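Just so we're clear, the structure is a prediction, and the values are computed from it rather than from any experiment. Both backbone and side-chain heavy atoms feed into the values below; hydrogens, waters and symmetry mates do not.
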Amino acid sequence: MTALWLPPDDKSRQDAPNPLTKIAGNGRTSVNRITGRSAFLALLKDEGVTHLFGNPGTTELPIMHALKDHPDLTYVMAMQESLVVAIADGYSRASGRLVACNVHVAPGLGNAMGSLYNAQFTGTPMILTAGQQEQGHGLMEPLLYGPLVRMAEPLVKWAVEVTRLEDLPRIVRRAAKIATTPPTGPVFISLPGDILNAEIGLELGRSTRVDTRIRPSDEALAAIVQRISRAERPVIIVGDEIVKSDALQEAADFAAALGAPVYQQSGPYGSHFLSEHPCYMGSLSRTQTQVRDLLAPYDLLIVLGADPLRMSVHSETLPLPDGLPIVQVGLVEWDLAKNFGAEIALKADVKETLRVLTPALKAAGGVDLESRANKGKAALASRNWTARRAQLVDQISKSSSRAPIDPDWLALQVVEAMPANAIMVDEALTSSRYMTALKPYRDRFDYHALASGGIGWGVPASVGVSLANPDRPVVCFSGDGSAMYSIQSLWTAARHKLPLVVVIANNGGYRIIKQRLLSFHQDDHFVGMDFADPAVDFAALAKSLGLKAATVTDPAMLRSVLDAAFADGGTHLIEVMIDGSVN
């Protein structure tokens with residue numbers, strides 16, 4: 001998979017004749033008559049969409065009616081529109097495919113906006129549609145009517161309402177092209193009922209993907225080789241474009257050729273580097289002073305497909321040390337030198353660039369570069385990700401018998417209980433503070449975490465991740481506060497009998513907000529931050545939604561419960577009562 005986001009069968013699909021056209025006896029092409037609703041689904045399928053995620057309402061009934069004629073399109077129902085978009089988001093992030101989801105008029109789009117914000121943040125290629133009132137009826141402003149295009153526009157690459165059935169193929173084709181062209185992201189289409197119910201002769205056109213596998217020019221390559229070769233102490237920061245361009249191995253080879261330390265961007269929400277590589281040091285924090293001190297010893301910052309220093313809370317201290325020069329490569333031009341000027345900013349595909357850059361650096365540096373790289377890797381051995389993990393495991397294991405259960409020890413047990421091919425979806429916030437230091441990234445789709453900060457993504461996203469990877473077990477590690485935003489998505493997991501284990505770290509409230517109130521304001525009067533009187537029973541909730549569920553309070557029982565859930569292969573929720581103290 002490349003930055004094109006092409007389904008594996010795109011070429012054969014594009015070369016095939018359109019099933020809705022036929023050759024008449026006079027040699028001319030005639031077009032079969034088709035309804036808007038059926039044409040819409042046929043277009044999605046031809047764009048590589050295999051699942052339609054939705055929550056139907058009256059205005060979406062034409063689409064539901066047409067589904068019987070498209071049995072090869074799997075409809076995935078979720079119980080609220082924010083879940084619909086989050087499940088689709090998880091499916092796309094775990095597969096690299098274009099996804100489609102449908103929500104219910106203005107309130108449904110409103111419900112979906114938080115999840116749409118998350119999808120925009122991660123550049124998820126998504127076609128989001130909403131049913132709209134018939135065009136004449138909409139003028140009367142009936143119940144549920146709203147300006148859907150204006151509502152969606154701030155969070156999508158393109159938003160449009162279909163006003164003629166003749167335009168539907170062009171709009172869907174354009175939407176798919178826009179969504180899948182870097183910088184990838186969601187698009188929105190409003191579908192009035194009269195458009196969906198109309199019937200005409202319609203040519204559906206053909207799918208297009210823009211080839212963005214751009215390599216640097218000879219001049220740019222020579223300049224970047226020369227600049228990197230001059231650096232004595234380079235450091236590398238990697239980000240999400242490593243996943244999108246399928247460049248894990250190329251990034252590893254590049255780092256090895258330099259013997260330079262590699263850090264993951266400050267938003268560690270994906271498998272952005274091979275954790276067990278000798279050059280990998282771990283994820284940057286979102287604390288400006290820490291990052292500034294960490295980067296201070298280096299004389300060149302090489303950024304590969306990342307917004308490298310995105311922070312969270314305000315600080316008077318900038319994360320970039322004064323005078324540290326930057327070389328940056330990526331296709332998301334908005335992120336190139338966005339906040340800090342770069343000596344070289346190269347708009348190019350990360351994988352294709354590294355394929356030519358690494359050999360060019362080796363040729364220019366010769367035996368001197370090889371010797372320096374070997375020394376660099378040797379110097380990192382005692383403090384790289386692997387070495388730090390071993391130390392961290394020893395530290396955390398000292399709390400193995402603590403009751404209530406230590407949240408860091410819970411995270412370690414989840415990682416160690418996961419089958420070798422399992423995928424992690426992570427939104428446990430404070431309980432997963434060490435997750436990226438414990439869970440090794442071994443392929444580009446084996447770790448997914450909350451990116452934008454808008455909580456409630458993890459549980460529904462794990463449903464989408466599992467749907468996209470039916471042959472791999474998935475574990476969702478979620479905090480109790482995050483899970484309560486979207487707990488009803490568990491029904492969809494049970495409905496599809498997914499091999500999904502959801503682990504809820506239950507500390508009885510919003511621990512991260514308590515920590516920040518105490519840290520920022522020296523105030524421990526925690527109003528509106530506890531789930532108490534009554535407490536939430538997650539195991540009972542899960543059982544009511546069709547899952548097998550258990551609650552664990554004894555640390556001695558934790559591993560056996562985890563192992564049993566993974567061995568069973570079904571859909572499980574494990575609620576773990578953990579220490580909720582604020583420290």
Side-chain angles (χ1 to χ4, degrees), residues 1-2 5-10 12-13 45 48-53 71-78 83 86-101 122 124-126 242-244 246 248-249 269-272 274-276 414-427 435 439-449 457-478 489-503 542 546-548 561-574:
M1 190 72 67
T2 71
W5 293 85
L6 280 170
D9 60 347
D10 260 28
S12 61
R13 175 171 52 79
K45 292 192 300 182
V49 170
T50 58
H51 294 67
L52 178 60
F53 303 89
D72 52 338
L73 184 63
T74 300
Y75 188 81
V76 179
M77 194 272 277
L83 314 182
I87 292 171
D89 187 14
Y91 187 99
S92 181
R93 284 182 58 180
S95 65
R97 297 180 69 97
L98 173 71
V99 289
C101 43
T122 52
T124 299
M126 172 188 294
I242 297 291
V243 172
K244 286 188 168 70
D246 193 12
L248 273 174
Q249 189 56 55
Y269 58 82
S271 297
H272 300 151
L274 297 171
S275 301
E276 292 151 317
V414 170
V415 170
E416 294 192 340
M418 290 173 61
N421 66 333
I423 299 170
M424 163 71 74
V425 178
D426 179 14
E427 197 191 338
M435 185 56 74
K439 166 70 175 73
Y441 308 149
R442 291 174 176 151
D443 69 70
R444 65 182 178 132
F445 292 142
D446 69 359
Y447 177 79
H448 308 277
W457 170 87
V459 176
S462 70
V463 177
V465 170
S466 189
L467 284 164
N469 294 271
D471 298 327
R472 298 180 68 174
V474 175
V475 57
C476 176
F477 188 45
S478 176
S489 56
L490 293 176
W491 179 88
T492 304
R495 171 71 178 80
H496 290 268
K497 299 178 173 58
L498 299 178
L500 171 63
V501 175
V502 178
V503 179
L547 278 70
K548 300 175 183 177
V561 174
L562 289 168
D563 288 343
F566 285 118
D568 179 70
T571 313
H572 293 255
L573 181 137
I574 302 171

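- Counting only residues at least two apart or on different chains, no salt bridge (Lys or Arg N to Asp or Glu O under 4.0 Å) pair has a member in residues 459-470.
- In this structure, Tyr269 and His272 have perpendicular ring planes: the angle between them is above 60°, well past the 30° mark.
- Legend: residues meeting side-chain hydrogen bond (donor to acceptor under 3.5 Å, both in side chains) with Tyr447, ordered by chain and number and at least two apart, are Asp426.
- With sequence neighbours left out, Ala422 forms a side chain to side chain contact (heavy atoms under 4.5 Å, CB included) with Met418, Pro419, Pro473.
- Here Arg442 contributes atom CZ and Asn421 contributes atom CG; the two are 11.0 Å apart, rounded to the nearest 0.5 Å.
- Remark: Gln249 engages Ala252, Asp253, Leu274 in a side chain to side chain contact (heavy atoms under 4.5 Å, CB included) (not counting sequence neighbours).
- Applying the ring pair (Phe, Tyr, Trp, His ring centres under 6.0 Å) test to Phe477 and every residue at least two apart in sequence or in another chain returns nothing.
- Between the side chain of Ser466 and the main chain of Val463, no donor-acceptor pair closer than 3.5 Å is present.
- The shortest heavy-atom contact between Leu562 and Ala417 is CB-CB, 3.9 Å.
- The side chain to side chain donor-acceptor pair (under 3.5 Å) pairs that include a residue from residues 492-503 number zero, where partners must be two or more places apart or lie in different chains.
- Across Ala565 and Ile574, no two heavy atoms sit closer than the pair CB-CD1, 3.8 Å.
- Between Ser489 and Pro460 the shortest heavy-atom distance is OG-N, 3.4 Å.
- The shortest distance between side-chain heavy atoms of Ile242 and Arg444 does not fall below 4.5 Å.
- Taking CZ of Phe53 as the start and CG of Asp89 as the end, the distance is 10.0 Å to the nearest 0.5 Å.
- Once rounded to the nearest 0.5 Å, the distance linking CG of Leu490 with OG of Ser462 reads 7.5 Å.
- Residues that satisfy the side-chain hydrogen bond (donor to acceptor under 3.5 Å, both in side chains) test with Ser271, not counting sequence neighbours, are Asp446.
- For the side-chain hydrogen bond (donor to acceptor under 3.5 Å, both in side chains) test, residues two or more places apart in sequence or in another chain that qualify with Asp568 are Lys548, His572.
- Contact detail for Gly458 and Cys476: the closest heavy-atom pair is O-SG, 3.7 Å.
- Residue pairs meeting the salt bridge (Lys or Arg N to Asp or Glu O under 4.0 Å) criterion with at least one partner in residues 457-475, sequence neighbours excluded, are Asp443-Arg472.
- Contact check for Val414 versus Val501: no side-chain heavy atoms found under the 4.5 Å cut-off.
- Every residue two or more places apart in sequence or in another chain that forms a side chain to side chain contact (heavy atoms under 4.5 Å, CB included) with Thr50 is listed here: Tyr91, Arg97.
- Distance CG/Leu73 to CG/Leu52: 5.5 Å, rounded to 0.5 Å.
- What you find for Val49 and Ala100 is that their closest heavy atoms are CG1-CB, 4.0 Å.
- Here Thr122 contributes atom OG1 and Arg93 contributes atom CZ; the two are 5.0 Å apart, rounded to the nearest 0.5 Å.
- Heavy-atom minimum distance, Ala494 versus Gly546: CB-O, 3.7 Å.
- The shortest distance between side-chain heavy atoms of Tyr441 and Leu248 does not fall below 4.5 Å.
- Screening residues 416-425 for salt bridge (Lys or Arg N to Asp or Glu O under 4.0 Å) gives no qualifying pairs among residues at least two apart or on separate chains.
- Looking at Val474 and Leu498, their side chains never come closer than 4.5 Å, going by heavy atoms from C-beta outward.
- Checking side-chain atoms of Glu427 against main-chain N and O of Trp457 turns up a donor-acceptor pair under 3.5 Å.
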